[in-house]
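Notes to accompany the following structure.
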Amino acid sequence: MSTTTETLTAADRCDRCGAQAYVRVVLASGELLFCAHHAREHAAAYADVATSVQDETDRLLAEHGAR
């Protein structure tokens with residue numbers, strides 16, 4: 001499930017820990033932003049209730065490279 005929305009920026013912060021958000025989860029009642037770690041941790045919980053998920057975690061490899 002995916003939808004095109006504005007690209008997440010460094011100003012977008014994870015609702016769990018405050019790190020840079022790379023995943024936007026849109027729900028009927030609003031949205032949640034997650035870092036890659038918390039998006040993976042909570043994926044099962046939001047998978048069935050999200051109206052869309054914008055996953056930009058692929059940018060992590062592009063921005064920081066593989067080491």
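Not measured: the values here are computed from a predicted model.
- For Glu56, the side-chain hydrogen bond (donor to acceptor under 3.5 Å, both in side chains) partners two or more places apart in sequence, or in a different chain, are Gln54, Arg59.
- Taking each heavy atom of Tyr46 and Val23 in turn, the nearest pair found is OH-CG1, 4.2 Å.
- The two residues Leu27 and Ala50 have their closest heavy-atom pair at CD2-CA, 3.8 Å.
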Can you give me every donor-acceptor pair (side chain of residues 37-45, partner residue at least two apart or in another chain, under 3.5 Å) with its distance?
residue: His37; atom: NE2; partner: Glu41; partner atom: OE1; Å: 3.3

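- In plain terms, the two heavy atoms of Cys35 and Cys17 that are nearest each other are SG-SG, 3.9 Å.
- Within the 4.5 Å cutoff, side-chain heavy atoms of Val25 are placed close to those of Phe34.
- Evaluation of the salt bridge (charged side-chain N to carboxylate O under 4.0 Å, His left out) test over residues 15-29, restricted to residues two or more places apart or in two chains, returns Arg24-Glu31.
- Between the OH atom in Tyr22 and the CG atom in Asp55 there is a gap of 11.5 Å [rounded to 0.5 Å].
- A donor-acceptor contact shorter than 3.5 Å links the side chain of Thr51 to the backbone of Val26.
- We find the CG-CD distance between Leu8 and Gln20 to be 8.0 Å, quoted to the nearest 0.5 Å.
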